[in-house]
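These notes are about the structure you will find just below.
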Amino acid sequence: EIVDVSVGKVEIREVFKKARQAFEPALIPVLSQELQRNDRAGARESLDRVSRWVAAIDLGFLLVVAVFGGDILRLFGSGFATGALPLVLIALAWAVNGIWGIAENVVLLERPRWNLWNWVAGAPLAVGLNLLLIPRYGAVGAAASLVVVMSTMCAVRLWQARRLVGWWPFPTNLLVT
């Protein structure tokens, strides 16, 4: 049963990934040209446009999972409804990655080695959180670990994208200076 719930959660991840992946084939060549021309304003506009579309799609998916996750899992049997909270947390992690992970494209185009180091640094965080949270909280701990790791990775990529092209997906008046 645990394997079946996990397979369902992997499939949910794919739904969120598809939203971002649907736009990246169009974004990457445009972004690459803008960066080659040193058109930082154009790159920021392209990132803004794509992140808004991905956010709209992923937040819609997240809302459906948050509201109906338990009901969806119950379709596979009454015992599956216990996976609702981990499912929502996993959906949240992938929504965060979809919406703000788009900054990874800037890093890949401008500083590919940074992306490698992001993943190298993220792996011990993931392993450590899993070792800490899974024994005590089970599937909820694993899902919470994913939320923290994905959010941390996105925060690093956002900082890097801001440094490289000045892109920040949040209104600047939200920043405390």
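Given the structure is predicted, the values throughout are model-derived calculations rather than measurements.
- By the 4.5 Å heavy-atom criterion applied to side chains, Arg157 and Ile102 are not counted as neighbours.
- In this structure, Ser51 contributes its side chain and Leu47 its backbone to a donor-acceptor pair below 3.5 Å.
- Residues passing the ring-ring contact (aromatic ring centres under 6.0 Å, His included) test with Trp100, sequence neighbours excluded: Phe170.
- Under 4.0 Å is where a charged nitrogen must lie from a carboxylate oxygen, and between Arg20 and Glu104 at least one such pair does.
- Between Gly141 and Ile134, the shortest heavy-atom contact is C-CG1, 4.4 Å.
- Heavy-atom minimum distance, Leu108 versus Pro112: O-CG, 3.4 Å.
- Contact between Ala66 and Val88 at its shortest, heavy atoms only, is CA-CG2, 3.8 Å.
- In this structure a side-chain-to-backbone donor-acceptor pair under 3.5 Å is present from Arg44 to Val165.
- Among Leu125, Asn130, Val127, the single residue meeting the side-chain contact (heavy atoms from CB on, under 4.5 Å) criterion with Val149 is Leu125.
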Handout entry: Audit row: Val96, Asp58, side chain to side chain contact (heavy atoms under 4.5 Å, CB included) steps and yes/no
Key = CA-CA 8 Å; Val96 165; Asp58 278 357; over 6 Å; no

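- Shown here is Trp114, whose CH2 atom has more than 12 heavy atoms of other residues, nucleotides or ligands within 6.0 Å.
- The pair Arg40-Glu110 meets the salt-bridge criterion, with a side-chain N (NZ, NE, NH1 or NH2) lying under 4.0 Å from an Asp/Glu carboxylate O.
- Within 6.0 Å of CZ on Arg136 lie no more than 12 heavy atoms contributed by other residues, nucleotides or ligands.
- Annotation: salt bridge (charged side-chain N to carboxylate O under 4.0 Å, His left out) contacts of Lys18 (sequence neighbours excluded): none.
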